[in-house]
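Structure record follows, encoded as structure tokens.
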Number of protein chains: 2
Amino acid sequence: MSRQMVRPGGRSARVQASVHTAVRELEAEVGRDALTVPLVAQRAGVTPSTIYRRWGDLTELLSDVAVERLRPDTAPKDHGALAPDLAAWAEQFLDEMASPGGRAYIRDALLGDPDGTNAGQCSAYAADQVDLILARAAARGGEIPEAEIPEVETVIDRVVAPLMYRILFRPAGLDAAYARGLVAGLLGQGDR
Amino acid sequence: MSRQMVRPGGRSARVQASVHTAVRELEAEVGRDALTVPLVAQRAGVTPSTIYRRWGDLTELLSDVAVERLRPDTAPKDHGALAPDLAAWAEQFLDEMASPGGRAYIRDALLGDPDGTNAGQCSAYAADQVDLILARAAARGGEIPEAEIPEVETVIDRVVAPLMYRILFRPAGLDAAYARGLVAGLLGQGDR
DNA sequence: GCCTAGAAGCAAGAGATTTGCTTTAAGGTG
DNA sequence: CACCTTAAAGCAAATCTCTTGCTTCTAGGC
């Protein structure tokens, strides 16, 4: 989210909203690399010093905006069982994150983030989605022995982390089959 | 390594070396945040435009230097068996990478790296170290059924990726026990 | 309806970045 | 070995970004 609590509805909130909007519009229009603080300020109808004072610099502003864009906007689809739920979610996660745009957002989020707040937020989004899927599986009852539903942390280690690691460090050769394989590996062997 | 092939021994090579050295010295002396291109240039005895032309901007230069610092300087220690070898390596990896300095280098490496070359290099370093450990295990022969020695890719997914993911996205609560647990989870269950 | 404090605006100064042109030197050629 | 070619470095001017002190505005509290 944004770096500071803002009185909602006040002038601060309006400025923040218009700056975020300006970033998104300009990102689309002139490309990420051409963004500068003065440019964003002009589009947002704000003086540059306002941005510098509130966000510090461009990378922190981008980090802020990136985290917003990485927030999932829908609950994971329900396929009626744990395995397909997880597999589908993993595939979609990979799809969104591994695109050039997705990678750029992840990097932005990580970058302008000295204290790790924004990165933590991204991770929390994923964890929430996974948690929802697992809770659904548990709620179905009969589906699976309760003991075989993995922990959230385990899903993060076995599915989310490998996906993210490869997206960031080795973008080559990532595909849906790999994502499905991770899920299969996790569910296929009675590991927790 | 560095962004372009340089005729070794030529003037380019000298400039590159002195710039890299200047970055490392100044990082230690004035702190990472106080680094600027002109400052580095002055220390390196070079004009700023040289740096701008060769590296583009400060983040790309830092990325370059960071990758060099992330290169392991020693082979993993030999403890006589696969499990302790991997566990010790994972612990050391975590130690180095999770330190404030280590995290900063990882982030620098990821940041100024539009095409992923530098990030790929980091990943390759880790893969090489793991590969060495696995090759050693295979060479020992009797130790373990050949079939139970995991693939490099599997070790990356199960050990390296979770460590890196948590270092980047959730630095809290990381410790040697967690690293050991990852290795134990991998080796403990006949997964590949 | 006034006060206060936290933000935003403004503008000047300092510093970073870009760029066209010149100079240097590494490596190849006759 | 002297000469040529070419990639890279130096230089300097112009531009743009960023910082900062001060002023002005406005939301929310009294």
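Treat the numbers as computed from the prediction; the structure is a model and nothing was measured. Chain letters run A, B, ... following the sequence lines, proteins first and then strands; every chain starts at 1.
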Separation of [X] atom [atom1] from [N] atom [atom2], in whole Å?
X	N	atom1	atom2	answer
B:Ile51	C:dT17	CD1	P	10 Å
B:Glu60	C:dA16	CD	P	19 Å
B:Leu35	C:dT17	CG	P	12 Å
A:Arg14	D:dG28	CZ	C1'	14 Å
A:Trp55	D:dT19	CH2	C1'	18 Å

Does a donor on one side chain sit under 3.5 Å from an acceptor on the other, for B:Thr50 and B:Thr47?
->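 Checked: B:Thr50/B:Thr47 side chains pair up, N/O donor to acceptor below 3.5 Å.
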Report yes or no: do A:Leu132 and A:Trp89 belong to one cluster of Ile/Leu/Val/Met/Phe/Trp/Tyr joined by side chain heavy-atom distances under 4.5 Å?
->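 A:Leu132 does not cluster with A:Trp89.
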Whether each nucleotide of nucleotides 10-18 of chain D has a protein heavy atom under 4.0 Å at its base (B), only at its sugar-phosphate (S) or at neither (-) is summarised, 5' to 3', as BBB----SB
Has the side chain of A:Arg103 got a donor or acceptor atom that lies under 3.5 Å from a matching backbone atom of A:Ile167?
->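 Yes, the answer is positive, given that a donor and an acceptor are paired below the 3.5 Å cut-off.
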Side chain A:Asn118, main chain A:Cys122, donor-acceptor under 3.5 Å |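 Side chain of A:Asn118 to backbone of A:Cys122: no pair is present.
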Side chain to side chain, A:Ile156 and B:Arg170, heavy atoms closer than 4.5 Å =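 The answer is yes, as the side chains (C-beta and beyond) meet within the 4.5 Å cut-off.
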Set of residues satisfying ring pair (Phe, Tyr, Trp, His ring centres under 6.0 Å) with respect to B:Tyr52, sequence neighbours excluded =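 Residues passing ring pair (Phe, Tyr, Trp, His ring centres under 6.0 Å) with B:Tyr52: none at all.
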